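Labels below follow one simple rule: chain letters A, B, ... track the order of the sequence lines, proteins then strands, and each chain is numbered from 1. What you see is a predicted model; the values in this text were computed from it and never measured. When reading the values below, keep in mind they use all heavy atoms of this one structure, side chains included, and skip hydrogens, waters and symmetry mates.
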Amino acid sequence: MDKVYDHKKVEERIYKDWEEKGYFSPEINPNGKPYSIILPPPNANAPLHFGHAMYVIEDILIRYHRMKGCKTLWLPGADHAGFETQFVFEKKLQEEGKSRFDYDRETLYKMIWDFVQGNRPIMEDQLRRLGFSLDWTRKKFTLDEDIKKIVYETFKKLYNDGFLYRDKRLVNYCTHDGTSFSDLEVIYKEKDASLYFIKYPLARGKGFITVATTRPETMLGDTAVAVNPKDKRYKELIGKFLSLPFTERQIPVVEDSAVDMEFGTGAVKITPAHDFNDFELAKRHNLQMVQVIGFDGKMNKKAGMFVGMYAKAARKAVIEEMKKKGLVEKINENYVHRIGLCYKCKNPIEPLPLEQWFVKMRPLASSAIKAIKDNKIKFYPQRHKKTILQFLENIKDWNISRQIAWGIRIPAWSCQDCKNWIVTKEEKPKQCKCGSGILKQDTDTFDTWFSSSQWPFATLMTNKKEDLKSFYPNSVMETMYDILLFWVARMIMVGIYKTGNIPFREVVLHGMVKDPLGKKMSKSKGNVVDPLEIVDKYGADAVRFALVYGTAFGNDQSLSFPKLQAMRNFTNKLWNIGRFIEMQFSLEYFKEKNLSFYSKEMDKNLLKEDQAIINATNQLIKKTTSSIDSYRFHDSAAQLYEFIWHKLADIYVEQIKERLKNGDENALIVLRHVWIMSLKLLHPFMPFITEELWNKIPRITKTELIISKWPK
RNA sequence: GGAUCCAUAGCUCAGUUGGUUAGAGCGUUCGCUUGACGUGCGAAAGGUCAGAGGUUCGAAUCCUCUUGGAUCCACCA
């Protein structure tokens, strides 16, 4: 054996061997109790970043359960990541001086498809290099034909059950990216703004009402002014009409208790087409909706003299014109308020009225809430339970239409004659109820999360015959806490809805891996780290161990080079313990002997120091097992590290050196036993080096460590 | 506005149901080392456990408040 451990000579070879022998497949333990995890499918639009290395938690659970004899499945896949991917691709196009408008839908789709296919092998190689024991024979992609079929079916089922409706409502629309978003995809930021106090004259008689607004450019879309019914200042004016400047229209003064008397003047302009609250208020009062901003972000022809201006420019222009009319009372320029931004391009989100497919969430959420409250689904760390319940209890309907090409096209057709919608499971309907054969498919695609919400069962329904039966519900869903609401919550809702059963029993959530300075890694900051770069330098085992060691599971951590180095040193320590043991077995007086294996019966012949290490080993077995079972991986890691380095190597090995020189068989038998146990316990965390060292010791079985039995 | 998390050695972090002189890695200081490993070994220095109050025989650990930092949700013109 070399004096220093060289992971490069070991890792690739061992992984290949495991994979070729089929050890990653559940068929290895066909009669065991099923244990399953579906890998959160990484986005297929880019290579993995360092945070993905946290999948190691799943690999630990998988390897542990495999060794415990479970019929263990860890199923890999990739997510087409609709909008995210199209965004990345469009950036690429931009660099080439092109844009999505240069291509028709099919061509664009094909180009992105090819782009994604180029990325997938890179991603898969990265996962292999990290040692993840994924069952590659079962890998799935969200755009596989059979997966798409299931997504269509779910859509159709929602439609048949009345949980799906198409409605023209305000949606969060990014005029820059040209698509709508769900509420979760809007981020809010504080911005300096102005609060404009503008006057609307009474249609008859003298006088006016002053309203306060941050968005005067929407005033041409106003269809009312609202006041609080308790507000004495406006009591006389309720029911009267105001002349809306720049237009021929007269708008009523309405009363609504949602109006805050304290804010501004107590009177609010109501723009149903461009503000969520106004939209709701308008429904209550049967007000019409006038859209003045288009989907291109520009004022449309309803905006009269302001047509063609971008909303922001129109704001200034409107105020200028209002000033000319003497209708600006004052402007508060030190007004700070929050505005919604597109989470991706950071441009302001424009609430716009658009026909979309919405899923009624209340009924779906209520069964999810029940499952969680009844502890059918458990959360680790527990604190996340409260967050998800809060979300589910206040859920709003889910807009699942996206105006992008990359994704699963919505299987719905509108009749061009009677305007009816027909939903199918994929195929184009022959004709409408009205007899018309002129049908046009919805041009929108599904929100990516709509398909990924079905991942826990879709992947199993489209694999080997018995998979769904064996592995659903999944044992564990492990992912980062940042997609708890986006993904985990929706998987629970859709999973229960579609299958009648929870999608998984336990939700295990790891923390974020930040850069060495504690900043969130992101492409725009340029501080992302390629996991392979780190694996090349320190070895996969060290990287894996560093991610579990020293930070309480579930907490955020920063990438730490000193820690990586320390863990690499640990692998070298392991290597040298192994080397030392190998050397003993090749000593002349041990070489030819067929040394027996440690058993409890030996205890009475053992020295105190032998007994001490045996006892410590037994304790380690218990502690490692229980800490993995309770998802306290950092405890396991610390215990293993402490035991192997500071008890086994520093103390016991030193204690018995003399005895080994004198040919003391018991010492070597105990040493070998403790070493075998150590390698087993450490294997889920550091699979490569433990497997390699396992192969260097004389032992009872010929089987590889990966499929050896977990000690009791 | 609602919720959650964090504040422990110079740095990065452990310390689960409250219990002996509060731990690790890195760093620092001193020494050792030539057949397991210098990616090593032995030892040492270093902490009013953010602050205040409370519960308790006993609190880093539980409760309240304050300060400072992070995050999530909702979103008032």
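- Within the 4.0 angstrom heavy-atom criterion, only backbone atoms of the sugar-phosphate kind lie near Tyr335(A); the bases stay farther away.
- Contact between the side-chain N/O atoms of Lys386(A) and the OP1/OP2 oxygens of A3(B) is not found at any separation under 4.0 Å.
- Put simply, Lys514(A) has no side-chain N or O that comes within less than 4.0 Å of OP1 or OP2 on U12(B).
- The NE2 atom of His646(A) sits 10 Å away from the P atom of G40(B) (whole-angstrom rounding).
- Under the side chain to side chain contact (heavy atoms under 4.5 Å, CB included) rule, Ser678(A) has a single partner from Val674(A), Ile676(A), Leu682(A), Leu681(A), which is Val674(A).
- Using a 4.0 Å cutoff on non-hydrogen atoms, the parts of residues 265-278 of chain A near RNA chain B are Val268(A), Asn277(A), ordered by number.
- Against RNA chain B, the stretch residues 218-234 of chain A makes no heavy-atom approach under 4.0 Å.
- As judged by a 4.0 angstrom heavy-atom cut-off over every strand, Ala638(A) is placed among residues making no nucleic acid contact.
- In this structure, Asn555(A) reaches the A14(B) phosphate: one of its side-chain N or O atoms is under 4.0 Å from OP1 or OP2.
- You won't find any donor-acceptor pair under 3.5 Å spanning the side chain of Lys519(A) and the base of A70(B), going by distance alone.
- For residues 546-567 of chain A, the salt bridge (charged side-chain N to carboxylate O under 4.0 Å, His left out) pairs, not counting sequence neighbours, are Lys514(A)-Asp556(A).
- Contact check, Lys385(A) against U4(B): no side-chain N or O comes under 4.0 Å of OP1 or OP2.
- Here the OH atom belonging to Tyr538(A) is positioned 10.0 Å from the CD atom belonging to Glu533(A), to the nearest 0.5 angstrom.
- Atom C1' of nucleotide A14(B) and atom CG of Asp635(A) are separated by 8 Å, given to the nearest angstrom.
- Regarding Lys396(A), its NZ atom lies at a distance of 13 Å from the P atom of C73(B), rounded to whole Å.
- If you check every strand for non-hydrogen atoms under 4.0 Å, Arg383(A) touches sugar and phosphate atoms only.
- Residue pairs meeting the salt bridge (charged side-chain N to carboxylate O under 4.0 Å, His left out) criterion with at least one partner in residues 634-655 of chain A, sequence neighbours excluded, are Arg632(A)-Asp635(A), Glu654(A)-Lys657(A).
- Between Ile651(A) atom CD1 and G42(B) atom C1' there is a gap of 12 Å when expressed in whole angstrom units.
- Note on His384(A): nothing from the nucleic acid sits closer than 4.0 angstrom, heavy atoms only.
- Ser182(A) and Glu185(A) form a side-chain donor-acceptor contact under 3.5 Å, judged by distance and modelled atom types alone.
- The salt bridge (charged side-chain N to carboxylate O under 4.0 Å, His left out) test with Asp2(A) is passed by exactly one of Lys696(A), Arg579(A), Lys9(A): Lys9(A).
- Side-chain atoms of Asp650(A) lie closest to G42(B) of the nucleotides A3(B), G42(B), G25(B).
- Here the straight-line distance linking atom NZ of Lys373(A) with atom CG of Leu392(A) works out to 10.0 Å at 0.5 Å rounding.
- The side chain of Asn569(A) contributes an N or O atom lying less than 4.0 Å from OP1 or OP2 of G40(B).
- Of the listed nucleotides (G40(B), G15(B), G25(B)), G15(B) has the atom at the smallest distance from the side chain of His634(A).
- The separation between Tyr188(A) atom OH and C72(B) atom P is 14 Å, rounded to whole Å.
- For C26(B), its base never sits under 3.5 Å from the side chain of Lys563(A) at any donor and acceptor pair.
- At whole-Å resolution of the value, CD in Gln557(A) and P in C11(B) are 19 Å apart.
- Under 4.0 angstrom from either OP1 or OP2 of C41(B) there lies at least one side-chain N or O belonging to Lys573(A).
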* To do: Decide yes or no on ring pair (Phe, Tyr, Trp, His ring centres under 6.0 Å) for Phe553(A) and Tyr631(A), but give the supporting numbers first.
  => CA-CA 7 Å; Phe553(A) 179 74; Tyr631(A) 306 110; 7.3 Å; no

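- Among the protein residues, Ser560(A) comes within range of no part of the nucleic acid, since none of its heavy atoms lies under 4.0 Å from any strand.
- The listed nucleotides are G15(B), C41(B), G2(B); the one nearest the side chain of Arg632(A) is G15(B).
- Listed nucleotides G25(B), A14(B), C72(B) differ in distance to Thr551(A); the shortest reach to its side chain belongs to A14(B).
- Taking 4.0 angstrom as the limit, Trp645(A) places none of its side-chain polar atoms (N or O) nearer than this to OP1 or OP2 of G40(B).
- When heavy atoms are screened at a 4.0 angstrom cut-off, Leu485(A) is found touching the sugar-phosphate backbone but no base atom.
- Residues forming a side chain to side chain contact (heavy atoms under 4.5 Å, CB included) with Ile651(A) (at least two apart in sequence, or on another chain): Gln655(A).
- With sequence neighbours excluded, the residues forming a side-chain hydrogen bond (donor to acceptor under 3.5 Å, both in side chains) with Asp664(A) are Arg659(A), listed by chain and number.
- We find the CG-CG distance between Asp275(A) and Leu281(A) to be 9.5 Å, quoted to the nearest 0.5 Å.
- Among the protein residues, Gln584(A) comes within range of no part of the nucleic acid, since none of its heavy atoms lies under 4.0 Å from any strand.
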